[in-house]
Every structure is written in structure tokens, then in C-alpha cells.
Amino acid sequence: MAVVGLLVAGQAPIANAATTAERSCAEGLPATAVCGTLTVPESRTVGGGRTIDLPYTIIPASTQPATGTPIVTMAGGPGQVTSRVAETLAADPRIGASRDVVVLSQRGGADTSTSLDCPGATSAYVDTFTTDTSPAGEMSAVGLALKNCLADFASGGGDATAYTKTDTALDVIDLRQTLGYLSWTLYGDSWSTKVMQIAANRDPQGVDAVVLDAFTPVDRNIKGDAYQALYDTLGVVSARSEGAYPDLNADLATATDLFNDKPGHGLLTNPVTGQQRYYSLTGSDVVTIVQQALYDPATAPAVPFLLHQLAAGKMDAISTFIPDALKHLTDTSLGQYWVEMCRDEKPYWSPDPVLPTPEGSDVSVPTPLPVLTYFTAADELCDVAGIPASSPDTRQFQPQGMPALIFASDTDPLIPLAAVQSGGPAFPNNQLVTMQSAGRGGVVSDPCALDQLATWLAAPGAGVQAVCSDLTSTYPVPAPDQVHPSSRFSSVVSAVDDRNLFELTIPLIFGAFVVLWLVGWLIAVLVQVLRREPFGLLIASGIAPVTGAVFLLVAWLMVSATLAQYPGFTLVGVPPMLPWVGILLGVGFLGLIPVWRLGNRPAAALAAAATLVWLAMIVWFVWIAVLPS
């Protein structure tokens, strides 16, 4: 069937020369995992060329011998390396008990023998957020870096034209045949749903069922889909906010106009180089950052308040979203991503969006709208790098009759629900499960969706629940009156998560001082009671450590409870009551007066030290949690 598929695509096939070899597994994988390397021809149209090595991992069924067909997965986007889906499926006893789970790396990935990773191009792309020229004009350095990387790749004997979703699909087929599986279940995620669709077309006899999470049919215009998905997602979130944010798309449009008129400035850290640079954000940068912020269903609920702030002219509010956005973008090997885009997608997608020219207007050139900059990068890079388009035949498919389970999120900011639904005819025997408020978290982030998957895999084609709505209540959207806009507190949460003690110097010193003082004070009071000596002034001297401890406890409980309900809350602010908790700090500071009045030298030293510590904590708290930002 693979040979027939190649002929349909207009390519001259070469003999299957795939082989496998064992390798040691990376740390963090299950102890039972078996790892190996699939060796395949780099070019499938030119014989005698070099071979490439693709890592794969098999997580055997926990109950042997396995009674179900294996499941093969792949990372969700070109340039990504992850076994998250495979490990989640294998760890679920309803799935992993009876089935082997296999994950294959994409050709060109950073963990393969022929990596297309290009840190220079990725770093140059991040640096486009530090300039305020047009998105297209910002890409010259990115294009030069990618061109140099591809020149080095070619000088090492590489053929960049051999890195397409079709070639990757044939790698999947080679792996099945080489491992000796008679058939298996294909599991695609986002971009790799295209790979699995092609694999199902080329190897239907080797596929018993297909699972497609955020299905993107091979013939879609993915750039146009992305803009529609962002618009749709903001519309859905607006509708679910119960009037708190009536038109988030209008808020985004207002924000981008403001940033185009006056770019926002601040500091960012380039994740590739680790260097700090001053950012200069235009409207297109804002659109890109907002889209990336909507990926994670846990942090996406903070986006409405962000847009509310930006539309009101509070441009600094976006600063807390920049690190995560850059991390999302650079977690992908952008060199590999752009090569695949240039080959398979860019020649077939729409131009950047423009504002329609009013009827009867004398203006002949449409006004450009803000863009998603990584798409604009591909538009500029493909010609510079000299990457030719793949054949239009690779975008054609024949409907396949095996059972298919399709998942879609109604808040996916990259793939609109309508695009997923349009893929139904590719697999007529399909069922669609719509995940509400799932962002791009996918099946493994939605317990309800995972339940439907387990039920369906137990009997492919069996009926499942059509809508999963649990995440809507799991990740609610906070209303504006539920947020005190002091987003500097997010640095505290990040420092705690990263165990960055330097960023927490003042609260750690304050906490240690308060705890030690409180323990010492309690001991002193107990001793005075046992001696039956007067302790009135000593009791008064405990006001400071007691209120300090209560302040820390109440603040911790308040923030923890808020983050449990709204995981991304501190990206935009703090609970409105938190600044009022600072009154306890003021009471504690006044409570230092009795300590001074104790009149002895140790008490004076304690009071002097406490005064410095309290003042530092008050200033820190006012700056971090009280003053709007």
C-alpha cells in the first residue's frame, strides 16, 4: 500500500530499507520502557542517499501478553519533542494495561541524527519582539540565520526537501512493519494528525483505528484557520464570561491599535541566549503573545482581564505574559517548523489579513491588520532559504473506513472547531468529541475526554459522550471586580515555582525573623508564667511577631486558594482583599513600640532589627501587591 501511495503522490518510490536497533532510554521514562532507533532513507525518491536515525520508545502493556493492538503517537507539532501523550496513555490502566504504547520522533527533530534545529534563527525571531518595525521587515536576520543553517545542513549531505509530513508518515509505516506489528491504532495530535491521516491513507491494512486530537486535515489553509481560531476563541470566552467581558475581540483590536501607535517597552529575556533585552511590542507582537497565552487552559482565563487592561491603555499589563509566550514559541525547534511550513503549508495558505477597503474609497492598498508573527516569518523565510513547495498531490486523500475518534476544543486558538469538523469526510466512520474550554491542552489535559478515549478504545466505534464541559467550571474566568491589578505578584509565584531564593530574599528574611521571634516570645511568656512574674509588657511586645505570623498565614492561604480556583490569576493581579491584609503589617510595626519600651539592651537590639525588617517587608509588599501595575 505504501508503494501505491507513493505512486499516487507522483513520486518514484525506493525500496524499504528501514532497520531498528536498541538504545538506552532517557531518564524519566517508565522503567519498563524499551527504546530503539529506526533507521530510514533520508530521501524516499533518490536511491543511494544517506540514512537517518529516528528514536522511538515502546512502553509495553502493564499486563503481558498485550491483548489490544498497539497505539503509536507522535509529538503534536513539527519541531516538538515530547512523549507526554504516550506516557499518559500508558499510565492509564484502562488503556496501558492491555496495549503497548509507541512514540516515534519526527524526522529532523532535535533528538534525531539529522536535526534541523537552528538556534540562531530562533534567537533572531525572539529578538523581533525588541524592535518596532513591520513584522515582515523584522525577519531579515531570521532569514539569514535560517539560510546559513540550511547551508550547513546541505554541506553535511542533508536534503531539506526530504522533511515533510508525507515522509514522516512513511516513517510511521516503516516502524510498524519493522517492529512486526500486523496493525495498530494511530494517535495524532495537532500537526501530527496530518501525519496520521496520510499514514492511514498509505497503510490502511495496518491501521485498525485512528484517534485525532485537534484534527487538521491535510488540505486545510492553516494560516487562515489560525486567525479564525483566535477570533472564535475570544468570542467563546466572551460569551462564557456572563457579561464581564462582552467583546474580547474588540478589546484586542483596541489594544493592537494602541501598541501600533505607541509600542510598549520593558525587559524580556531571550530564552535561547539568556540575554536580557528591552522589548518594543507592536500590535502584531501583542496578537502573537495573546494567542500563545490562550494555549494553556489553566492560564487562558487570565487573558480576558489582560485584554480589559490593555484596551484601557494599561500597556505594562502584558509584561507578565511575555516569558510564557516566548517559552511556548521556543519550545518548538523553529528551524524544523519553518522547513516543514515552507514545504507543505506556506504555498497553500492565505496572505496576511488586511482591513477591507471601503466601497468607493480612493485607497488602492488595503490596510494590513496585526499578524501572528511566526506565520509572517515563514512568508519571508521560504523564498530567502530557497525551500521548494511540496507537490499539491500530497494534500489529497481518500476517505478511510476504519473507526476514528476526533477531539476538538472550542477554545483552541490555533485550530477552529469548524476546521476539525470539516475533516469528518476523511473518516466517515467517525465520532466527534467537543472539549469546552480546553485551549490546546488536548485530551490528556481533560479528564472527561480521557474517559471517552478509554471507553472508545475498549471497543473502537462504540458510542461516546459528544461534549466534555468539565474544564469550563475547572478553569473559570475571573471578573474585573475579582482582580486587584498588581501583576508584579506573578514574579513571587514564579520564584516559588523555580525555587529562586534570591527573588524571595525579603519575605524569606521576614518570615524567618517572625518565626524565630514568635517562638522565643512564647518561651519567654511561658517562663514568666511559671515564675509567676508580671508579664503585661511582655505580652504587648508579642503584638509584632503574632501579627506578622498571622499576616504570612492569611496571605499564603488567600493566594493559594485563589490559585487553586484560577491557576493563572497572578499573571494579572491579586485577590482584592490581599492589599488589605497589609494592615496586619502596619499593626505589627506599631507593635514594635512596646519592645522599645522594655528598656534593656537586648530588647533595643531586637527592636532595631525588627524595625528594619518590618520596613523592608512593608515597602516590598506595597510594591508587589498593593500598587497597581
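FYI, the numbering just counts along the sequence from 1. Below, each value reflects all heavy atoms present in this structure, side chains not excepted, and no hydrogens, waters or symmetry copies.
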Classify the side-chain pair Ser437/Thr472 by whether it contains a donor and acceptor separated by less than 3.5 Å. yes
Cut-off 3.5 Å, side chains only: do Arg440 and Ser409 have a donor facing an acceptor? no
Side chains of Glu138 and Thr131: donor-acceptor distance under 3.5 Å anywhere? yes
Quick one: side chains of residues 304-324, donor-acceptor pairs under 3.5 Å with protein atoms, not counting sequence neighbours, listed by atom name and distance.
unit_1, atom_1, unit_2, atom_2, d
Ser319, OG, Asp316, O, 2.9
Thr320, OG1, Leu571, O, 2.6

So does Glu242 have more than 12 non-hydrogen atoms from other groups sitting under 6.0 Å from CD? no
Which pair of heavy atoms, one from Val574 and one from Pro579, lies closest together, and at what distance? CG2-CD, 4.4 Å
Please find out if less than 6.0 Å separates the ring center of Trp456 from that of Phe407. no
Check the side chains of Thr282 and Asp132 for a donor-acceptor pair under 3.5 angstrom, ignoring hydrogens and angles. no
Nearest heavy atoms of Ile95 and Leu89, plus distance in Å: CB-O, 3.6 Å
Say whether Asp412 and Thr233, considering side chains only, have a donor N or O and an acceptor N or O under 3.5 Å apart. no
Distance-only donor-acceptor check, side chains Trp191 and Gln80, under 3.5 Å: no
Go through the side-chain N and O atoms of Trp349 and Asp225 and say whether any donor and acceptor fall under 3.5 Å apart. no
